[in-house]
Structure formats: C-alpha cells, structure tokens
Undergrad: 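So that we are looking at the same thing, I have put the structure below in structure tokens.
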Amino acid sequence: VVDQSLKFSRRVPKEPLFRWDDFPLVCPAQSVPRPLKDCNIYYFQQARYALFHGLRLLGIRPGEEVLVPAFHCSTLIESVLRTGVEIKFYNVKPTLLIDLEDLRQRVGGRTTAVVIVHFFGVVQPMERIRGLCAEYGLYLVEDCAHVLRGHCGTQELGSYGDISVFSWRKFFPITNGGALAMPRNLPGKTPEQNKCSLFQEFHEFIWGVRQCLHPWASWMRGRMSEKVQTDIQWEFIEGLRRSNPDEDFCPKIALMKESRFSLNYLRKCQLEQICHLRNRNWQFLTAAFAEVDLFPTSWGEVWRQAVAWAFPILIPGYDNFHIELRKRGIPAFTWGGVIHHTLDLRAFPDAELLYSHLVMLPIHQDLTLEELHYMVESIYSILDRRGVRKGRR
Ligand SMILES: Cc1ncc(COP(=O)(O)O)c(C=O)c1O
C-alpha cells in the first residue's frame, strides 16, 4: 500500500546519489573492477569515446563501412562516424533482438565491422552473431553500455567482441566513466589518451559535495514550498526528434582518461550489492506487470543473464507515455529524442515503433520498494484511466 502523500509530491530519483561514504579521499587498495579478465582495458570519460578509439585501433579506414543498429542512441552512431567510416543501418526487432537476416543482407563489399548492442540488458545471440561475422570476415564490436555485467551461455558479455565498450556512468553516481576492452590483444596498439586535468578533478570533488548535500537541500526545499519540490526539470520532449551531432561528440573530451575521482569511486563501490539491488528491482517490476502485456515474456528473465541499466516496457498505441510518468515525478525516458539525423525512419518501421513506444523505467540501486510501488501504481492508473488494461498474450 502506497502512502497517498507520496503521490504528485515526490520524485523518484533519476540516478543513484553520491554519498559521504563514497568520497574517495583515501585511495583504496582494491583495483578498479575490470569488466573482463585477460584483456586490455582503457578507461575513458564516456563509452562513446571508448568506441571511437576502439574502432580506430581495429584499423577500420575511411571509406569502409560499419553496420549499426537502426534503433540507437545517436551518440553511438556519431562516434562511429567521427572515425571517418561510412555506416549502414540494420533492423532491430520489437523484442530488442537484432534482426540477423536483415543484418546478413546488408553486408556488402566494403563492410568491415558490425556494432551490436545488448539493449537495456536484453542479451543478443552472441554465438550466432559471431558465426556471421566469421563467415564474412567482419570485426565484431560489442556495445555493453547497457549492462553492468552479464553473460551469454558460459561466456561473459564483452568477451565476444573484437572490442567491447562499457559505460560506468550509467550505473554509478559518477559524472564520467567508460571503458574499452580488447579481449583479443592488438599487439603494440594503445589508444592516445590524456590525463584528466586537475581542474576537472576539483570540479568533480565539488560535484560530490553538492550531491552529498542534495538530500538535505531537497528536504529544505520541501519544507519551504511543496510547489518547488514538484517542479520537475526533466525535459518533456514529445514525439520524435533528431539529435545534434555536436552535442553527441566532443573531440576535446575524446582523448581524456576517466577522472581519478571516478576511478577511485569504482575502487570503493559495493559492486555485488549494487548488482543485487538492480536485479531485485528488475524482478520486482517483472512481477508487478505480470498481468499486463507490457513486454515480451523473455524480458522477465533478463536479470538471470545481465545486470541492466533500465527496465523497458513497450506500450504501442500510447503516445508520449513517458511524459505522463514524468508529470508524476517518475524519470521515465524514451529514445525518441536521440535519433541520429542520418537515419531514414520510413525504412525501419520496427525502429520507429521502438522510438515511439519503448519507455524505460529506472531500476537503479537507490530506489526504495516504496518508490518501485509508486511507479507501478502510476503506470496502472494511467492504463486504467485510458480504459485499457490489456491482458497478457
Ligand atoms: C548503446 C549505447 N552505446 C553507447 C552509448 C554512449 O554511452 P556514454 O554516454 O557513456 O558515452 C550509449 C548512450 O546512451 C548507448 O545507449
């Protein structure tokens, strides 16, 4: 039973908060968690830059072609394009699995690599994809930005690709952090990297202090005025929108290593506990939506294979569902605002469906059960108000 006063008067936090305990004042002896063993790992400010450097290290040259998913966050596409290569899109099915047949048909004479993504924790059939890449002599680039860790069969996610990338800042309360892993060593090749400046380190420190003060500040704001507390600042983007390439990729940041502040956070964090809580939240939402048809049954099992970034629900027929949730203080989002400008949506109806109707809910480690209940209740109340509570197929 949800406390009624919660409704419309509080936000569900969008991301986990940085706390006093997390302050990496004393550098712990523990090493940074490595996404994979037995491979070279390079830490960057964001996954997009890790991907950019990874493609360059593979030696893919301008004029060659890389296959990329039609359903994407534009930052991925922009970082591929910035290496000078050409791109060709392939289809992603509404189940979030890539369309292998479509992918096969799009391989051409100039194709040298395929980028695949484990969308929101939905693990792709890696053996089959690797088989296809071997058949055509293509590099496999595994984008693990949406998984904290996971496996496919007995093998770890990220270990299938010739290179793979991870995005730590999606999972932890840090402002920067992404990794490039090269499971198959490329002898003598290392990415060009600069140390993060002292100014940025200082900036991160101040950011940390502000995060620690945040709960106190929101409590104060709540005391002063209910209205301020309900003033939700997230963007309310309706419909579909193209991204701005200059915002997606900043050449200056591309060369910068992850900050020491963030790396030290990673050394300190309670990784096992975080994985446990995220998986608990995933299972909670799966169970709560068992009686409605909001996702393919297979997504219910995702937590067994991967620790995911966010929980996707598919709501065809309802436009701007995420905005209704945002009005209730729930930081749901879609990818409707991050479509790369080179994509012709008319050629990819499945991607258009996903951009319009796939809504992501937070499942981060700081969510309380009360907040999870509130999200579920809000979703049911919107569905009921629209007069439809669809049954499971
Ligand atoms: C699939 C995928 N790859 C890469 C990225 C880039 O991650 P980052 O923001 O860490 O650069 C994103 C961003 O959301 C993404 O969704």
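Read the numbers this way: they start at 1 and go in the same order the structure lists the ligands and their atoms.
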Undergrad: One pair to check against salt bridge (Lys or Arg N to Asp or Glu O under 4.0 Å): Glu324 and Arg385. What are the steps and the verdict?
TA: CA-CA 12 Å; Glu324 297 243 17; Arg385 214 188 51 216; 3.0 Å; yes
Undergrad: Would you indicate which of Arg169, Gln45, Glu78, Arg48 comes nearest to atom 11 (O) of ligand 1 when only heavy atoms are counted?
TA: Arg48
Undergrad: When you measure from the side chain of His146 to the backbone of Lys170, do you find a donor-acceptor pair of N or O atoms at a distance under 3.5 Å?
TA: no
Undergrad: Salt bridge between Asp246 and Arg82, side-chain N to carboxylate O under 4.0 Å?
TA: yes
Undergrad: Considering only protein heavy atoms, which is closest to atom 4 (C) of ligand 1, and at what distance to one decimal place?
TA: Asp143 OD2, 3.4 Å
Undergrad: Does ligand 1 have any atom that is closer than 4.0 Å to a heavy atom of Trp335?
TA: yes
Undergrad: Under 4.0 Å between a side-chain nitrogen and a carboxylate oxygen: does that hold for Glu201 and Arg260?
TA: yes
Undergrad: With salt bridge (Lys or Arg N to Asp or Glu O under 4.0 Å) as the criterion, how do Arg19 and Asp366 come out once you've worked through the C-alpha distance, each side chain's angles and the decisive distance to 0.1 Å?
TA: CA-CA 11 Å; Arg19 300 201 166 78; Asp366 276 2; 3.2 Å; yes
Undergrad: Enumerate the atoms of ligand 1 whose separation from the nearest heavy atom of Ser167 is less than 4.0 angstrom.
TA: 7 (O), 8 (P), 10 (O)
Undergrad: Check contact between Lys170 and ligand 1, using heavy atoms of the residue and a distance below 4.0 angstrom.
TA: yes
Undergrad: When you look for heavy atoms under 4.0 Å from ligand 1, do you find them on the side chain of Ala145, its backbone, both, or neither?
TA: side chain
Undergrad: Salt-bridge test for Arg110 and Glu64: reply yes if a basic N is under 4.0 Å from a carboxylate O, no otherwise.
TA: no
Undergrad: Give the residue, atom name and distance (to 0.1 Å) of the protein heavy atom nearest atom 15 (C) of ligand 1.
TA: His146 NE2, 3.6 Å
Undergrad: Give the atoms of ligand 1, by number and element, whose distance to some non-hydrogen atom of Thr75 is under 4.0 Å.
TA: 5 (C), 6 (C), 12 (C), 13 (C)
Undergrad: For ligand 1, is there an N or O atom under 3.5 Å from any N or O atom of Gly177?
TA: no
Undergrad: Quick one: do the Ser259 and Gln200 side chains pair a donor with an acceptor below 3.5 Å?
TA: no
